[in-house]
J.: 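First, the structure itself, so that you have it in front of you.
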Amino acid sequence: MILTVTPNPSLDRTYEVPSLDRGEVIRATGERMDPGGKGVNVSRAVAAAGRRTVAVLPLGGAPGALVADLLDAQGIEVAPVPVEGATRSNIALAEADGVLTKINAPGPELSAAEQELLLNTVHRQSRDADWIACCGSLPRGLAPAWYADVVARVHAGGARIALDTSGPALLAALRERPDVVKPNAEELSEAVGRPLFTVGDAVKAAEELREMGARAVLASLGADGQLLVDSAGAWFGSARVDAVRSNVGAGDSSLAGFLIAGGSGPEALASAVAHGAAAVQLPGSVMPTPRDLDPAAVTVTSDVPADRVLKEPAS
Ligand SMILES: O=P(O)(O)OC[C@@]1(O)O[C@H](CO)[C@@H](O)[C@@H]1O
């Protein structure tokens, strides 16, 4: 079973607009609502692959009830932590030319009692888990070391940990030796404190994260592909993508693909790349099913193209 932890979930609202004109009333040509937050998306992708998953998340207010209903409709098992504050709504504005602008709200502040309940729920649910994916930003009230505490507690129980967060929360958790961390290029650049211009720069940065404690690093480099760096070396994976519709949740779909395929080595990287590529070709944060995957479009190699300049340099 793959357990996901999303301390700051969201109701994701996507509006399709012709273009973003500041100061104008913009009429949306389409809208959709998805249950969101990075761990929630990982659970949605794991469930879409027909595997068992449980999502732990705080839920509050009317948006929280809506997130619960949407997850229920998708058949996702949830271990909810009721909280006083309302679950946030995050907005994505998708322009006709493919540019996507996202507004992420801070979310509710969790009281000391709610924080404790969240940690205890994760701990209780972790008993059945092979992997625990801890994902996303921390809501107000949770200290930057919160993920570090979770890793320390669940590692003692034997489950493996995948961590997808950034900034101080990522740095604090590294010392507890998470089994895999999943930064994107910007998060990787921020963690090592320097810009990344080439695939080789990203490999060096991932190696530094390993020196800081991560056992493996699965880094998504956007349109450039993905990297896996672990004790056995480095692999680079990429996929042919026909048309990008929405990259919201593509990283979460990748992480799900990686964990479904065992969570280590080049085959898991290939699955991560296939899931990421499928997700960007679907609207909003729709997660791919096995039918949406195109493994033949994926290439994974240990011959990492270190000199390749990133299409989207990170700083
Ligand atoms: O604010 P965070 O926690 O960093 O990210 C939240 C979020 O942008 O991540 C998911 C996509 O990865 C969305 O479902 C959600 O809105």
Side-chain angles (χ1 to χ4, degrees), residues 4-15 31-48 53 55-59 63-64 66-68 70-71 74 76 78 83 85-94 100-110 118 133-142 144 146-147 150 162-171 173 181-188 190-191 218-222 226 244-259 272 275-280 282-288:
T4 66
V5 182
T6 313
N8 203 4
S10 56
L11 181 63
D12 281 352
R13 290 177 174 275
T14 306
Y15 295 100
E31 65 181 312
R32 54 174 297 122
M33 233 168 20
D34 294 289
K38 297 191 191 315
V40 167
N41 294 338
V42 171
S43 273
R44 292 167 61 209
V46 170
T53 179
V56 175
L57 60 159
L59 286 173
L66 208 45
V67 168
L70 291 167
L71 286 172
Q74 293 182 17
I76 313 287
V78 172
V83 295
T87 297
R88 63 184 170 155
S89 295
N90 290 346
I91 312 286
L93 301 169
L100 188 129
T101 306
K102 206 155 178 315
I103 304 170
N104 283 8
E109 178 161 357
L110 301 198
L118 180 60
C134 293
C135 306
S137 60
L138 294 174
R140 288 169 296 163
L142 293 193
W146 193 80
Y147 279 132
V150 173
L163 178 67
D164 179 4
T165 192
S166 56
L170 169 63
L171 294 177
V181 295
K182 203 216 77 48
N184 60 28
E186 291 208 340
E187 292 160 348
L188 193 54
E190 185 192 10
L218 174 69
S220 47
L221 306 177
Q226 294 190 38
V244 174
R245 282 186 78 177
S246 164
N247 56 14
V248 179
D252 311 326
S253 173
S254 288
L255 180 56
F258 187 74
L259 299 180
H275 278 78
V280 297
L282 295 167
S285 67
V286 175
M287 293 291 132

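We count residues from 1, following the sequence as given. When a ligand or atom number is given, it counts from 1 through the structure's own listing order.
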J.: Can you tell me the protein heavy atom closest to atom 12 (O) of ligand 1 and the distance?
T.: Asp252 OD2, 2.7 Å
J.: Below 4.0 angstrom from a heavy atom of Asn90, which ligand 1 atoms are there? Numbered from 1 as shown, please.
T.: 6 (C), 15 (C), 16 (O)
J.: Do you know the tightest heavy-atom contact between Asp164 and Lys182?
T.: OD1-O, 3.2 Å
J.: Under a 4.0 Å heavy-atom limit, does Ser10 contact ligand 1 with its side chain, its backbone, both, or neither?
T.: side chain
J.: Nearest to atom 14 (O) of ligand 1, what protein heavy atom do you find, and at what distance?
T.: Asp12 OD2, 2.4 Å
J.: Backbone, side chain, both or neither: what part of Arg44 comes under 4.0 angstrom of ligand 1, heavy atoms only?
T.: neither
J.: Using non-hydrogen atoms of the residue, decide whether Ser285 is closer than 4.0 angstrom to ligand 1.
T.: no
J.: Search all heavy atoms of Asn8 against all heavy atoms of Ser137 and return the closest pair with its distance.
T.: CB-O, 3.4 Å
J.: Check Asn41 against ligand 1 and report side chain, backbone, both or neither, counting heavy atoms closer than 4.0 Å.
T.: side chain
J.: If you take all heavy atoms of Gly37 and Asp12, which pair is closest and at what distance?
T.: N-OD2, 4.2 Å
J.: Answer with yes or no whether Glu187 contacts ligand 1, where contact means a heavy atom under 4.0 Å from a ligand atom.
T.: no
J.: Here's a test for you: under side-chain contact (heavy atoms from CB on, under 4.5 Å), which of Val78, Leu66, Leu70 qualifies with Pro35?
T.: Leu70
J.: State, to 0.1 Å, how close Leu171 and Ala191 come at their nearest heavy-atom pair, and which atoms those are.
T.: CD2-O, 4.0 Å
J.: Do me a favour and list the nearest non-hydrogen protein atom to atom 2 (P) of ligand 1 with residue, atom name and distance?
T.: Ser137 OG, 3.4 Å
J.: Given side-chain contact (heavy atoms from CB on, under 4.5 Å), test Glu190 with Leu170 step by step and report yes or no.
T.: CA-CA 10 Å; Glu190 185 192 10; Leu170 169 63; over 6 Å; no
J.: Under 3.5 Å, is there a donor-acceptor pair between the Ser254 and Ser220 side chains?
T.: no
J.: Taking only heavy atoms of Gly37 into account, list the atoms of ligand 1 that are under 4.0 Å away from them.
T.: 13 (C), 14 (O), 15 (C)
J.: For residues Pro108 and Ala86, report the shortest heavy-atom separation together with the two atoms involved.
T.: CD-O, 3.4 Å
J.: Polar-atom distance check: Gly36 versus ligand 1, any N or O pair below 3.5 Å?
T.: no
J.: So is Gly249 close enough to ligand 1, meaning a heavy atom under 4.0 angstrom away?
T.: yes
J.: Do you know which two heavy atoms are closest between Cys135 and Gly39, and how far apart they sit?
T.: CB-N, 3.3 Å
J.: Just jot down the ligand 1 atoms closer than 4.0 angstrom to any heavy atom of Lys102, in number order.
T.: 7 (C), 8 (O), 15 (C), 16 (O)
J.: Counting non-hydrogen protein atoms only, what is the nearest one to atom 9 (O) of ligand 1? Give residue, atom name and distance.
T.: Lys38 NZ, 3.0 Å
J.: Report, in ascending order of atom number, the atoms of ligand 1 lying under 4.0 Å from any heavy atom of Gly136.
T.: 3 (O)
J.: Could you check Trp146 against Val5 for side-chain contact (heavy atoms from CB on, under 4.5 Å), going step by step and ending with a plain yes or no?
T.: CA-CA 12 Å; Trp146 193 80; Val5 182; 4.1 Å; yes
